[in-house]
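Quick note: residue numbers are just sequence positions, from 1.
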Amino acid sequence: LLVNCDLDWVPDMDGFVAELGQTYGQVTILPQAAPLEDADLSGVTHWITNPAPRFRITRALVDRHMPALQAIGSPSTGVTHIDPALAQGGITVKCLQDIPKSELARITASSEFTLLLFLSVIRKGKVIHDADLADWRDDLKIFRGRQVCGMRVLVFGNGRIGSNLARYLTAMGAEVVFYEPDTAKHQPDYQFIAESEIEATLPGVDAVCLCFHWSVENENFFHAGRLDAMRDDAFFINTSRGENLDEGHLCDLIEAGKFAGVGLDVLRNEQSAALKTSRVLALEKVTPRLTVTPHIAGCSVDSERLAFFSIFNLLT
C-alpha cells in the first residue's frame, strides 16, 4: 500500500502504519509533496492518493512508477486528478461516491465549509477582514451585504454537500431550489427544476451554489449562457470542481462588474503548472468581490480521518 495523503490529522503515526499493516504486508508513507521518485514503488498494488495532488495521475505515471498497481482510492468526491483512462485500462478507481450513504453522511466538513464560504461572500467577509478598524464608519456601504433569511438560492446537485447545504440554508430562512437530474434524489420539501428550466430560473435567484461532482459529461456544465442569465447583483459559489464551470467567462463578467460576490474553493487544472499564472488568482488579488480559497472544503481532522478509512476499507 502507498499512501501520499496529507496525514497531519494522525496523532500516532507508528500506530497508524501498524494498523494499515494488518491488511497490507508493506506500507509506504510518502509526504504529499515528495516526488514519487523518492521511493521504490514497483511493488505497490494499492494507492490511497492525495485528493488534490500536485500532479495528474495518468497511465504513463503509473506505468513508470507502479507497474503492479491494481487500485487507486481518493478520499474525495471529485476525481479530476485521475485520468479516466486508468479505470478503462483495468485499474480500479474508488472515491467517496462509492462508499455507503450512511458513511458518507458522517463526512460533513465540505458541506459546512460551503456554508462558511457562502456566508463570507454574502456578508463581505473579504472586505471586512481588510477593514481599517480605526476609521470605518464613513464606509458602511462597502460592508453592507445580504442576510440569508429571505434569499432564494439555486443549488446544483442534491448529493451529500448540496443536501446538507440546503438544510443549513433552509434553517436560516432561505428558499432553496434544486437542479438535480437524478429524480431518485428529489425531495418533497424542495422545488426541483428540469435542465430546460435552468436559464429561465437563474434571473429569479439571489445566489447559485455548484455542489455536484465532476464527470466528463459535467465538463463546463455551468457555461457562459448560464452565467450570463444570472442577475448582476447575484452571488456565485463553487465548491464542486473548477472543470464544471466556464472559468474564463466568469472572469470576464467579474471584470465587467457583474456579481455582488463570488466564492471559489476550486479552480480548473489544479494539477497543472499553469495554475500559478491563473487568471482567477490574478483577479482575486485586485477584486474584493472575488474570494478564492485553496481547495480546503474537506480539510478537517474529523472528515479526513473518516474519508481516509472509508476509502481504505473500500479498497480492501
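- Thr201 contributes atom OG1, which lies 10.5 Å from atom CZ of Arg226 (distance to the nearest 0.5 angstrom).
- In plain terms, the two heavy atoms of Val155 and Cys211 that are nearest each other are CG1-SG, 4.2 Å.
- Between Asp130 and Lys124 no salt bridge is recorded (no basic side-chain N to carboxylate O distance below 4.0 Å).
- Ring geometry, Phe236 versus Phe259: the interplanar angle falls from 30° to 60°, so the pair is classed tilted.
- A side chain to side chain contact (heavy atoms under 4.5 Å, CB included) with Leu264 is found for one member of Ile237, Thr239, Leu250 and no other, namely Leu250.
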Task: CA sep, side-chain torsions, deciding dist, call: Phe178, Phe156, ring-ring contact (aromatic ring centres under 6.0 Å, His included) - done: CA-CA 6 Å; Phe178 272 108; Phe156 284 80; 9.6 Å; no

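- Put simply, the side chain of Ser272 never gets that close to the backbone of Asn269: no donor and acceptor are under 3.5 Å apart.
- Using a distance-only test at 3.5 Å, with no hydrogens or angles considered, no donor-acceptor pair links the side chain of Arg152 to the main chain of Ala174.
- The aromatic rings of Phe312 and Phe309 stand perpendicular to each other, their planes meeting at an angle above 60°, with 30° marking the opposite boundary.
- Without hydrogens or angle criteria, His186 side chain to Glu180 main chain gives a donor-acceptor distance under 3.5 Å.
- One N or O on the side chain of Gln97 and one on the backbone of Thr77 form a donor-acceptor pair closer than 3.5 Å.
- Looking at Arg231 and Asp206, a side-chain N of the basic residue comes within less than 4.0 Å of a carboxylate O on the acidic one, giving a salt bridge.
- In this structure, Leu290 and Val280 have side chains that are in contact, with non-hydrogen atoms separated by less than 4.5 Å.
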- [ ] Let me see the working for Arg241 and Asp265 under salt bridge (Lys or Arg N to Asp or Glu O under 4.0 Å), right down to the final yes or no.
- [x] CA-CA 8 Å; Arg241 278 295 187 273; Asp265 186 51; over 6 Å; no

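- Side-chain atoms of Glu197 come within 3.5 Å of backbone atoms of Ala194 as a donor-acceptor pair (strictly under, hydrogens ignored).
- Glu255 has no carboxylate O lying under 4.0 Å from a charged side-chain N of Arg289, or vice versa, which leaves the two without a salt bridge.
- Taking a 6.0 Å sphere around CZ of Arg106, one finds it holds 12 or fewer heavy atoms contributed by other residues, nucleotides or ligands.
- Looking at Asp246, Asn220, Asn244, Thr80 one by one, the single match for side chain to side chain donor-acceptor pair (under 3.5 Å) with Arg268 turns out to be Asn220.
- Classified by interplanar angle (parallel below 30°, tilted 30° to 60°, perpendicular above 60°), the ring pair Phe308/Trp9 is tilted.
- With contacts defined as side-chain heavy-atom distances shorter than 4.5 Å, the pair Thr291/Val262 does not qualify.
- For Ser74 against His81, the heavy-atom pair with the smallest separation is OG-NE2, 2.9 Å.
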